[in-house]
There are 2 protein chains.
Amino acid sequence: MKLTKLLISTILMAGIGRAAFAFEALPAKPPIPADNKITKDKIELGKMLYFDPRLSVSGTVSCNSCHNLMSGGDDSRPVSIGVEGKRGGRSAPTVWNSAFLSVQFWDGRAPSLEEQAKGPIANPVEMGATHELVVKRISQIPEYVELFKRVFGKDDVTIDNAVITHNSPFDRYLKGNKKALTAQQVKGMKLFESTGCVSCHSGPNFSGPLLPQGTGFFMKFPTFPGSIYEKKYKLTEDMGRYTVTKNEADKHMWRVPTLRNVALTAPYFHNGSVKTLHEAVKVMAKVQLNKDLSDSDADDIVSFLKSLTGQFPVQTMPRLPATPGESLVGDQK
Amino acid sequence: MKLTKLLISTILMAGIGRAAFAFEALPAKPPIPADNKITKDKIELGKMLYFDPRLSVSGTVSCNSCHNLMSGGDDSRPVSIGVEGKRGGRSAPTVWNSAFLSVQFWDGRAPSLEEQAKGPIANPVEMGATHELVVKRISQIPEYVELFKRVFGKDDVTIDNAVITHNSPFDRYLKGNKKALTAQQVKGMKLFESTGCVSCHSGPNFSGPLLPQGTGFFMKFPTFPGSIYEKKYKLTEDMGRYTVTKNEADKHMWRVPTLRNVALTAPYFHNGSVKTLHEAVKVMAKVQLNKDLSDSDADDIVSFLKSLTGQFPVQTMPRLPATPGESLVGDQK
């Protein structure tokens with residue numbers, strides 16, 4: 001936390017409006033935790049679990065239900081809908097490129113993807129199960145039992161088809177192809193820098209610098225209170241990171257989200273209250289930087305943000321292991 | 001209807017217990033309707049729509065939610081759960097090999113897959129949308145608009161990666177590989193024939209003979225009323241095809257479902273009331289053929305039915321077209 005705060009205050013003081021900020025292309029490989037080596041079998045098992053609705057109590061909600069890999073990695077909704085039509089409290093963040101984040105969830109309450117993945121399964125308004133139930137179900141599916149055994153007896157490292165969207169127009173531009181961005185996008189990029197957006201949305205994932213796993217890059221939102229947007233979009237109803245730490249200084253602190261593929265993940269903000277990217281840009285300029293962007297400037301920045309939409313690797317569907325005997329998902333409420 | 005009834009009565013009278021019934025392997029290609037030629041683009045567009053949750057009112061339910069191509073083509077549930085946790089009235093049939101059925105839905109109310117596909121979108125307890133809403137949404141997604149234009153301006157025929165599970169052990173056995181079935185499975189196959197199951201579950205899809213599109217192969221269920229199973233599993237609560245035709249003779253008439261991959265689609269029957277295949281086989285023998293199968297005979301038949309699990313073609317995930325501007329799935333109730 002100390003490191004985080006130090007970083008934030010440093011960036012707040014030094015970053016805004018500084019020119020010639022070093023933009024970074026998205027690496028082809030994410031940081032790999034030392035205690036979770038990636039193998040081919042592990043990826044295949046992980047993909048099965050990711051798409052398996054039997055991990056929810058009703059058998060209807062998989063990870064992919066709210067973090068749809070076939071689209072922007074989210075669900076296009078203000079807040080997600082879990083089992084039995086229940087609403088979540090915050091908007092589903094994209095899963096694409098999330099391996100570059102040093103903490104997970106809007107409030108950074110999970111120090112790693114490994115920890116994050118446990119959350120939604122047991123959340124009563126998301127997948128509504130318990131870890132005990134899920135472990136019991138999985139242990140009744142022979143193919144899963146076999147795969148778990150195989151996966152955790154191996155440690156050869158490989159990366160296949162990672163959930164990373166490299167080679168966006170922006171990345172190609174950075175790598176020297178000056179035609180990859182339109183004139184308006186270049187203008188938007190400069191505005192993104194000079195306006196100060198880049199103070200927080202820095203690094204290869206536009207979610208702050210790459211930090212050691214568990215560190216977290218947080219920012220106060222809104223930083224400048226009292227704007228018309230605050231009430232209109234209910235920006236302060238949710239206490240953010242404070243709900244995790246109960247630390248006064250963490251009120252309205254949020255993990256800085258990635259801007260990669262942001263054009264695909266409307267609606268915006270932790271509560272999904274803002275419908276368009278244009279409006280989101282104007283709100284951010286006002287509440288974070290106390291600047292009134294013209295519509296034309298906002299258009300240019302939106303145009304630049306669209307250049308952050310990357311190439312999505314072709315994915316094959318997993319085959320989910322068969323349930324032997326009888327269905328594991330009864331009509332339980 | 002006349003043809004159907006004629007067929008059914010012919011089969012009821014002639015088929016039961018007849019030996020040397022000609023089993024049929026699953027063809028590699030399904031019948032293609034003359035007015036819906038299959039092109040590569042059409043398959044790709046169809047796949048996108050199949051996986052797109054924006055076709056439901058809440059943006060959370062796609063065709064694949066209840067007919068999961070990554071598993072048995074169903075949802076492993078007694079009855080499906082649609083938008084807002086709403087329950088359907090009947091168990092979701094598998095989508096695998098459904099191109100071989102001459103009518104669709106449990107009660108055969110759709111004469112073709114083309115007609116079937118319209119149903120769940122507008123069903124208030126399934127996807128809960130209206131066709132107007134869906135057409136409006138699709139027309140706001142430029143990539144869809146473009147694809148629709150392209151698809152309906154072409155007519156070169158191709159079949160790629162169809163939703164067909166050929167080459168099951170049973171198919172390999174029929175094609176001459178006598179080692180493809182175990183001794184128990186061969187025993188079960190003979191019992192399946194001599195018991196009379198094959199009277200209705202005939203043809204390459206084990207759903208009756210291949211008939212002209214829209215004909216339908218229906219059977220009364222239960223045929224022999226008054227068994228202990230009828231009450232236990234509430235077999236007569238739903239009037240079946242009568243709910244469509246209001247014709248007295250259609251009470252408790254149901255489209256004969258496929259047995260391909262039946263080991264993967266528990267629970268069983270139109271109401272998903274029977275949990276295991278073993279029990280389903282015993283119930284069927286009793287209520288359709290008035291025979292009390294021993295547990296051992298039922299085991300043999302189940303063993304045979306498992307040989308109908310085919311090879312599932314590897315599928316790539318579609319990329320869903322981006323929604324431009326703002327999300328189309330608001331927080332409407």
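None of these values were measured; they are calculated from a predicted model.
The environment of Lys275(B) atom NZ is sparse: at most 12 non-hydrogen atoms of other residues, nucleotides or ligands sit within 6.0 angstrom.
For chain A, no part of Asp52(B) is nearby; none of its heavy atoms comes within less than 4.5 Å. With a threshold of 4.5 angstrom between heavy atoms, Thr60(A) approaches chain B through side-chain atoms but not through N, CA, C or O. For Leu277(B), the part sitting under 4.5 Å from any heavy atom of chain A is the backbone (N, CA, C, O) and nothing else. In this structure, chain A has a heavy atom under 4.5 Å from the side chain of Pro53(B), while its backbone stays farther away. Contact of Ser71(B) with chain A is made through backbone and side chain together, with heavy-atom distances under 4.5 Å.
Rounding to the nearest 0.5 angstrom, the gap separating the OG1 atom in Thr316(A) from the CE atom in Met317(B) is 6.5 Å. Note: Phe51(B) CZ to Leu69(A) CG = 12.5 Å, rounded to the nearest 0.5 Å.
Listed here is the closest heavy atom pair of Ser58(A) and Arg77(B): O-NH1, 2.6 Å.
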